[in-house]
Number of protein chains: 2
Amino acid sequence: MSVTLADIARATGLSASTVSRALSDPDKVNPRTRDRVRKIAQDMGYVPNQVARSLTSGRNDLIGLIVPDIANPFFPPIIKAVQARASAKGKTVLIADVDEHPSDEIQRARVMRKRVDGLVVVSPRTPDDRLDQLAELRPIVFVNREVKGAASVIIEDSEGMREAVEHLTALGHRRVGYLNGPRRSWSNTQRQNAVREACAAHGVDLVEFGPFEPQIQAGVRAADLVHASDVTAVIAYDDMIALGLMARLNERGVRVGPDISVIGIDDSPMSGMAYPTLTSIHVPGSEAGARAVDIVLDLADTAGDAEPSVVQLETRLIVRSSTSPVRER
Amino acid sequence: MSVTLADIARATGLSASTVSRALSDPDKVNPRTRDRVRKIAQDMGYVPNQVARSLTSGRNDLIGLIVPDIANPFFPPIIKAVQARASAKGKTVLIADVDEHPSDEIQRARVMRKRVDGLVVVSPRTPDDRLDQLAELRPIVFVNREVKGAASVIIEDSEGMREAVEHLTALGHRRVGYLNGPRRSWSNTQRQNAVREACAAHGVDLVEFGPFEPQIQAGVRAADLVHASDVTAVIAYDDMIALGLMARLNERGVRVGPDISVIGIDDSPMSGMAYPTLTSIHVPGSEAGARAVDIVLDLADTAGDAEPSVVQLETRLIVRSSTSPVRER
DNA sequence: CTGAAAGCGCTTACAG
DNA sequence: CTGAAAGCGCTTACAG
């Protein structure tokens, strides 16, 4: 078996209490004793049992992060930002991928709950009527979804969407498609409202398609629907859908840019590498992740009596080659 | 505070022992008692404290998974396969992304060690001379790296690489480039050896470039080096590098396929969506992940007296549009 | 600065 | 089938 505190106490002739302090609260112990204990602990290959430490101290030095689908390139940058920020504060991050199964979110969160000091849940798809069950698992912060009474970092889609529609209008487009994201997705509701408002404001006809899952294959399917319609430009719920759309249009000999303009959302790393490069609405995922960590650790410290903060972040349009002037007919 | 076992014992008038059994070992208790306990526990919103449970039982029902970089599309399918397999066996997966910092692997593994029943480490970059420190943290299984004395699931690159070189030869290519992966990467050593052997066997001239990190940007950088050389085809260490390479060649007006052939490795989801679609060597990541779970849970049960198993999986070439007959000069 | 004691919330032989 | 007791490996007031 592994070496325990008691083993070290025996080896040093000290009490377990002192050994414990020497190792985790160095100021409360004689420097000489501390050094001796640490050396012996090291020699014996002692590794504290975090489980026992957690049970007794209530601290885990761990943050739980729940994401819908790590295969979607929108999430890795968020995850990395969360890790970077957590690490700067001496915490480690445990990630759970719920694989787009909303029903798993609550269950996975419960499993994690006692093992972590706080939870960060990104883009939860848990239905409204069960959301409070999730929110109860405090300290918890939601990213990309507003939950009443709970802390959250939300991304305001309207500015980026306004810029996108304005950009298309300037290029002469008058009939624009929107590819809806998943049914009941909070994000999609935001984006759908934003695109409707922006189109109305600019006198642009809006044609909606979908819902589509945020996956490349769904974009491939969308391509033929879009091609059969009379829109000259399309805004997709996210880059995944936009990339699938472009791949299929390429395959059918439709030139993205000259023949039809495409705009994605997320500005994921692939958007600059696609062919043509994809005009996309930048969503500040990394910033959102970092802010979420700050908030959740704050909540963990203040035991939740602070009033839940809601942080808003803005989006903006990044123009690349997939949008061009409307083609004359 | 949350509801504890003791609270339920009080509420039901039973002992903590009985309540514990009713909840987690139902056969050892009177069915009537069991149902009553469960109902009351449910009503009181009881959630077992997993930390306490782990400390006393030694089981965590958790598997730790360590990956180098979740942003690299090679890993998500592996992660999902691990989760699916683990879930089928009643375990939950905790993921740690070490962000391509090899030095973090051991540390992260140690943090996880006591909280999980076993570790799966994918494509570790830990240097050879510290690898035994990692391997000591049993039960542990390595994926995509052979570690002496430890269980592993390794991917045999030679067959796929042989097919790739054969394919290029059939298309008339006689001078082929290989873009090396990261220095000191075990995978790259395998692939480098495989491509050298295959080229030698087919009388093909091999020109090596790199090392390159497995990232799109590195591929972009590689493109200009390749273009300045006289190779007519390139095999890249992985799809990320190949995708960056193609993007930059497209940008420079070089037609991938007709002008230069490109082969990636991993057959990641993007390879079918890139332009042109990318010929790639399929690496059975999902299968590797599933097998790793089986092995690590076996090890956890048998307390490590079984001799570590080494599973080998094969690769094969998937031909798409990025490879064409060599252009006449 | 150090030690003895209690306790974190659960599980598990051991009796009955 | 049920209960009392011990214990998992730590931490942390409380004394001294």
Practice task
Not counting sequence neighbours, list each pair that qualifies as a salt bridge (charged side-chain N to carboxylate O under 4.0 Å, His left out) and has a residue in residues 27-38 of chain B.
Solution key: B/Asp25-B/Lys28

Problem - Residue B/Arg291 excluded, over 12 heavy atoms near CZ under 6.0 Å - result: no

Exercise for the section: Please report, rounded to the nearest Å, how far the C1' atom of D/dT2 is from the CG atom of B/Leu23. Expected result: 16 Å

Problem - side chain to side chain donor-acceptor pair (under 3.5 Å) partners for A/Asn30, two or more places apart - result: none

Problem - Whole angstrom value for the distance that separates P of C/dC1 from CG of A/Asp27 - result: 9 Å

Handout entry: Contact pattern, 5' to 3', of nucleotides 10-16 of chain C - B, S or - by protein heavy atom under 4.0 Å
Key = BBBB---

Fill in the blank from the handout: One should report the stems of DNA chain C, each a stretch of at least three consecutive Watson-Crick or G-U pairs at distances under 3.5 Å, as C:1-3 with D:14-16, C:5-12 with D:5-12, C:14-16 with D:1-3

Exercise for the section: Go through the structure and list residues passing side chain to side chain donor-acceptor pair (under 3.5 Å) with A/Glu213, not counting sequence neighbours. Expected result: none

Result block: side-chain N/O donor-acceptor pairs under 3.5 angstrom for residues 86-96 of chain A, not counting sequence neighbours:
from, atom 1, to, atom 2, distance (Å)
A/Lys89, NZ, A/Asp294, OD1, 3.1
A/Lys91, NZ, A/Asp61, OD1, 3.2

Exercise for the section: Without swapping roles, check the side chain of B/Ser152 against the backbone of B/Ile154 for a donor-acceptor pair under 3.5 Å. Expected result: no

Practice task
Answer yes or no: is there an ion pair linking B/Asp132 with B/Lys148, defined by an N-O contact shorter than 4.0 Å?
Solution key: no

Exercise for the section: Mind running salt bridge (Lys or Arg N to Asp or Glu O under 4.0 Å) on A/Arg184 and A/Asp128 for me, showing each step along the way? Expected result: CA-CA 9 Å; A/Arg184 283 192 292 274; A/Asp128 274 322; over 6 Å; no

Handout entry: Selected nucleotide, minimal atom distance to B/Ser15 side chain, candidates D/dC8, C/dC1, D/dG3
Key = D/dG3

